[in-house]
Structures are given as C-alpha cells and as structure tokens.
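As structure tokens, the structure follows; a few thoughts come after it.
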Amino acid sequence: MLSVHPLLQFSMLLLGGYVLFLGLFRAMSLHGGRRTLFRWRRHVALGHLAMAGWLMGLAGGLIIVRITWHSFLISGLHGRIALAMIPFILFGWASGYWMDRTKKKRTLLPLLHGLNNLLVLLAALAQIYTGYRVFQTFVLGQ
C-alpha cells in the first residue's frame, strides 16, 4: 500500500512534464512570436488528468499516513509542501478550464497559468527528495 502513492505521484510528475512540454509550444507562439503547432486538446485532457492525479495522490498520501501511522502530517516538509501545492494545483486546473471553455485571444492568463503550473511541477520534483526521506525515516527506520 505504501508503494501506490509514490508510483502514482511519479507518474503524474512525468505526465505533468509532458503537458508542460506541450504548453511550451503555445508559449513560443504567444510570447516568442513563432508559429507553432499547439496540441490544445491533448494539452487540456492530459493537464486535467495530471492535476486530478496529483490531488488524488495527495489525498491518498494523507489517508495512507492516517491508516499506517494513525496520525496526520508527520512527514514534515513533505506534507507541508503537499498542502502548499493545493492552491496552485487548483489555480492551474481552474485557469486551464476557463481558457478551454472561453476561447479568445489572451496573453496574461496563459502566462500565469504556465508559470503557476511550472511551480507545481518544481514542487512535485522536490517531493521526490522529501518523499524519499520520509520513506527512509518511517519505512526503513534509518
């Protein structure tokens, strides 16, 4: 059971990286003045999946900690970073949803959306290290 959380979150990190890669084409078009092919539908669908997966993984992590160690947020920095990610994930999801639903020419919201989601991805990368430290401390007892 303890291996499901890191596997899900790592797969969402890889998926989020791919979604970021897709979004770079849009950024090059909007802010770099280059004509590019932006796979909008793929970016939106996989972005929704990544955000939902991160939120489910976060909830799953809290549940696993509660079941296994009968407590909440004992993982220190790992848990605090996860909680800090919630508003950023929600903003990324909501801004992406809004741009998909109300299509029009805009530059600021896509920039904020992209920068926000880059922060989410960087926080998820940090979670690899902090999660490994949690695993060492609580599972391996080191």
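- Ring orientation note: the planes of F21 and F25 are nearly perpendicular, at an angle over 60° on the 30°/60° scale.
- Linking ILVMFWY residues whenever their side-chain heavy atoms come closer than 4.5 Å, directly or via other members, places L46 and F10 in the same cluster.
- Shown here is R106, whose CZ atom has more than 12 heavy atoms of other residues, nucleotides or ligands within 6.0 Å.
- Counting only heavy atoms from C-beta outward, the side chains of L83 and I86 approach each other to under 4.5 Å.
- For T102 (side chain) and M99 (main-chain N/O), no donor-acceptor pair under 3.5 Å exists by modelled atom type.
- Closest of all the heavy-atom pairs between F72 and V65 is CA-CG1, 4.4 Å.
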Take N117 and L20 through the side chain to side chain contact (heavy atoms under 4.5 Å, CB included) test and state the conclusion after the steps. CA-CA 8 Å; N117 293 343; L20 173 69; over 6 Å; no
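- Looking at every heavy atom in both residues, T36 comes nearest to S29 through OG1-CB, 3.6 Å.
- Note that CE of M28 is 13.0 Å distant from CZ of R35, once rounded to the nearest 0.5 Å.
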Audit row: W93, L55, side chain to side chain contact (heavy atoms under 4.5 Å, CB included) steps and yes/no: CA-CA 11 Å; W93 203 351; L55 288 174; 3.5 Å; yes
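- The shortest side-chain heavy-atom distance between Y18 and H43 does not fall under the 4.5 Å cut-off.
- The closest side-chain heavy-atom distance from I74 to F138 is below 4.5 Å.
- Interatomic distance, CD1 of I81 versus CG of L125, reported as 11.0 Å (0.5 Å rounding).
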Just do the side chain to side chain contact (heavy atoms under 4.5 Å, CB included) check on W40 and R26 with the steps written out, would you? CA-CA 9 Å; W40 184 289; R26 181 69 171 158; 4.2 Å; yes
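- Minimum heavy-atom separation, M56 to L8: C-CD2, 4.4 Å.
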Run the side chain to side chain contact (heavy atoms under 4.5 Å, CB included) check on S95 and L112 step by step: do they pass? CA-CA 9 Å; S95 60; L112 294 175; over 6 Å; no
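- Rounding to the nearest 0.5 angstrom, the gap separating the CD1 atom in I67 from the CG atom in L62 is 11.0 Å.
- Counting non-hydrogen atoms of neighbouring residues, nucleotides and ligands closer than 6.0 angstrom, the CZ atom of F91 exceeds 12 such neighbours.
- The shortest distance between side-chain heavy atoms of H48 and Y97 falls below 4.5 Å.
- Annotation for R101: atom CZ does not count as buried by contact number, only 12 or fewer foreign heavy atoms lying within 6.0 Å.
- Grouping the Ile, Leu, Val, Met, Phe, Trp and Tyr side chains by contacts below 4.5 angstrom, directly or via other members, places V134 apart from L77.
- Side-chain atoms of H5 come within 3.5 Å of backbone atoms of G57 as a donor-acceptor pair (strictly under, hydrogens ignored).
- Cluster annotation: L13 is connected to L49 through the hydrophobic network of ILVMFWY side chains, with a link wherever side-chain heavy atoms come within less than 4.5 Å.
- If you take OG on S75 and CD1 on I64, they are separated by 11.5 Å, rounding to the nearest 0.5 Å.
- Atoms CZ and CG, on R42 and L22 in that order, are 6.5 Å from each other to the nearest 0.5 Å.
- Under a hydrophobic-cluster definition in which Ile, Leu, Val, Met, Phe, Trp and Tyr are linked whenever side-chain heavy atoms come within less than 4.5 Å, directly or via other members, I89 and L122 are assigned to the same cluster.
- A pairwise comparison of heavy atoms in W54 and A124 identifies CZ2-CB, 3.8 Å as the closest pair.
- Residues V19 and I128 are members of one and the same hydrophobic cluster, defined by side-chain heavy-atom contacts under 4.5 angstrom among Ile, Leu, Val, Met, Phe, Trp and Tyr.
- Expressed to the nearest 0.5 Å, how far CD of Q127 lies from CD of Q9 amounts to 8.5 Å.
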